[in-house]
Amino acid sequence: MSGEIHGREYLHCRPTRTRREFIKDAFAGFGGLAMASFLHDEQLHAGATAPLALKPVHFPAKARSVIFLFMAGGPSHLETFDPKPLLNKLDGQRRPKEFGEVKYQQIQSNARLLGTRRTFKKHGQSGIEVSDLFPHIASCIDDIAVIRSCHGDMVVHSAAQYELFTGRVVPGFPSIGSWLLYGLGSESDSLPAYVVMPDPSGALEAGQPMYAHGFLPAVYQPTMFRPGERPVVNLGLPRGITNERRRKTLQLIRQLNGATLDPADLEFSARINAYDLAFKMQTEAPDILDLSREPRETLELYGVGAERTHDYGRRCLLARKLIEHGVRFVCVVSGGGPGNLQWDAHADIEENHLRKAAETDKPVAGLLKDLKRRGLLESTLVLWGGEFGRSPEAESGKGRDHHNIGFTMWLAGGGVNGGQVVGATDAIGLRAIEKPYHFRDLHATILHQLGLDQQRLTYPHLGRDERLTFLEGKVIQEIV
């Protein structure tokens, strides 16, 4: 090969003639591989030492944190925020054929429509209709954007809960809390950045995997608070142990761990970070988690001390305090354990929803009011809802089955334009027909409010760049 074409020499085509030229020509390739490996190790090392450092947003954010008030089990839209007069008129009759067919989990083909015994009234300047189950939340309705046209893909608890939290219907994928932590980092170095406060009645069908970090590094996993008066145990130092002595112990542990640390071992790096966080929590968190210092007026606002509202009120108040001190994402769960202990009203919709609403109405309203008066609602996005709604047809005479094709969720704060209703279900509340919004649209909207582009918030996993919205979600433009 001459290397000459029309009198010009193309050096990139010239064969290597000597050992010196071979080394010179090959250097760029080997050097590039070495540099890539070096940069990769540096990136891993940086991730291991400061994985929760604050990260720049993709565009200006309207919110910096999220509180998800998870009504586990599926609250009925028909008894809460979506009045259906025609459903009451058709009470006891078969569903008219013009509304189409739908598959349920428990309801038989001969089931009859079930009207509601709840009454709805218009509230606030916006005049939004709210059920008498929620007199306290109704007083905050002008700050709330009610989405009456939500829908999901699954009608069983576990799969629907996975989809609500992770965008997928199977376990193993990161929750939205972990995605936000990965995308934004933490604003606090003395508190966990992602906290879940489960219901004391027990676990849910999807279990802890729905809250988990999935394939993201372990440092983005949630911190699960314990139910009851002591959400975090062993916060105080043991008797006879000073801060200085505990600090020296921590330094020794860090040195021992660092001696054999592989930068690629992200699980081990997360364990090291956990030791550091635990020490900082022992010095700072006790004051934050201690509600005894709160003014009586604040405790009464949340219903703390009253029998029905004490537990959920305590957890909502803790959520406010955590957000106030830089925690990024807090999930406050209402409902746990089997069936009727959740918002899972198969047997008796009245008994179940009267009880669950009595536990949560005042605490939720207290949270909204407290955030607003402290100037925190503007930067805190509050989401309320469950994994699906309830069926227009009766189950077992007085109950309602799972219902995923049309139900209600609502958002407040975090730059959301409240005092409005978006979307609608049909005249009996069967399916979302006007401006339907899927879980992925809620996810895209939450990311948007926190300054994150769903297309750019990705993580490489098994050969592809994964993201929260597997299928692209639509930002709910009406409320942003």
Side-chain angles (χ1 to χ4, degrees), residues 62-63 67 69 71 75-91 115-151 301 303 316 343 349-350 353-354 356-358 360-373 376-378 380-386 389-390 392 403 406-437 441-442 445 449 475-480:
K62 296 180 180 179
I67 297 176
L69 304 170
M71 306 292 115
S76 170
H77 53 301
L78 304 169
E79 266 75 23
T80 56
F81 296 100
D82 194 4
K84 295 298 175 185
L86 181 60
L87 183 63
N88 287 347
K89 289 183 180 180
L90 298 177
D91 181 41
T116 177
R117 293 169 57 184
R118 310 273 38 94
T119 59
F120 287 78
K121 292 182 180 179
K122 295 181 178 181
H123 292 269
Q125 294 182 350
S126 56
I128 296 175
E129 291 180 286
V130 181
S131 161
D132 58 358
L133 284 178
F134 297 130
H136 295 283
I137 294 176
S139 67
C140 305
I141 199 65
D142 287 336
D143 293 316
I144 292 173
V146 181
I147 315 298
R148 287 180 176 165
S149 53
C150 296
H151 65 103
L301 179 67
C316 283
W343 292 78
I349 188 73
E350 276 293 294
H353 275 38
L354 282 168
K356 299 306 294 180
T360 58
D361 176 40
K362 188 172 184 178
V364 169
L367 173 64
L368 294 178
K369 293 174 181 177
D370 200 18
L371 288 171
K372 188 172 184 178
R373 70 184 183 180
L376 294 171
L377 189 59
E378 295 178 0
T380 305
L381 184 62
V382 181
L383 173 66
W384 181 99
R390 312 304 299 186
H403 190 77
F407 56 94
T408 295
M409 301 183 78
W410 59 253
L411 301 97
V416 164
N417 296 317
Q420 62 173 319
V421 171
V422 177
T425 53
D426 57 34
I428 61 171
L430 183 68
R431 67 182 78 243
I433 59 172
E434 179 184 319
K435 298 179 180 178
Y437 286 112
D441 304 319
L442 282 170
T445 303
Q449 294 306 95
V475 175
I476 307 175
Q477 294 293 340
E478 294 89 344
I479 69 173
V480 302

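Note that the structure is a prediction, hence the values are computed from the model and not measured.
Lys84 contributes a side-chain N or O that, together with a main-chain N or O of Asp426, makes up a donor-acceptor pair within less than 3.5 Å. Side-chain atoms of Asn88 do not come within 3.5 Å of backbone N or O of Gly115 as any donor-acceptor pair. Put simply, the side chain of Thr445 gets close to the backbone of Ile476: a donor and an acceptor are under 3.5 Å apart.
Residues Leu371 and Ile67 meet the side-chain proximity criterion, which asks for heavy atoms closer than 4.5 Å. No side-chain heavy atom of Met409 sits under 4.5 Å from any side-chain heavy atom of Leu411. At least one side-chain heavy atom of Arg118 sits less than 4.5 Å from a side-chain heavy atom of Leu354. Phe81 places a side-chain heavy atom less than 4.5 Å from the side chain of Val130. No side-chain heavy atom of Lys369 sits under 4.5 Å from any side-chain heavy atom of Leu377. Between Asp82 and Thr425 there is a side-chain heavy-atom pair separated by less than 4.5 Å.
Annotation: Lys372, atom NZ; neighbour count of heavy atoms from other residues, nucleotides and ligands within 6.0 Å does not exceed 12. Few gaps surround CD on Glu350; more than 12 heavy atoms of other groups in view lie less than 6.0 Å from it.
Taking every heavy atom of both residues into account, His151 and Gly406 meet most closely at CB-N, 4.4 Å. A pairwise comparison of heavy atoms in Ser149 and Ala432 identifies O-CB, 3.6 Å as the closest pair. Scanning both residues, Leu78 and Pro392, for their nearest heavy atoms gives CD1-CA, 3.8 Å. Closest approach of Gly423 to Lys435, counting heavy atoms only: CA-CB, 4.1 Å. Taking both residues in full, the closest heavy atoms of Asp361 and Ile137 are given as OD1-N, 2.9 Å, listed atom of the first, atom of the second, then distance. Across every non-hydrogen atom of Leu367 and Cys316, the tightest pair is CD1-O, 3.6 Å.
Residue pairs meeting the side-chain hydrogen bond (donor to acceptor under 3.5 Å, both in side chains) criterion with at least one partner in residues 406-417, sequence neighbours excluded, are absent.
Here Thr80 contributes atom OG1 and Phe120 contributes atom CZ; the two are 6.0 Å apart, rounded to the nearest 0.5 Å. Within the model, atoms CD of Glu129 and CZ of Arg148 stand 6.5 Å from one another, a figure rounded to the nearest 0.5 Å.
Below 30°, between 30° and 60°, or above 60°: for Trp384 and Phe134 the angle between ring planes is above 60°, a perpendicular geometry.
Side-chain polar atoms of Glu79 and Thr116 form a donor-acceptor pair below 3.5 angstrom.
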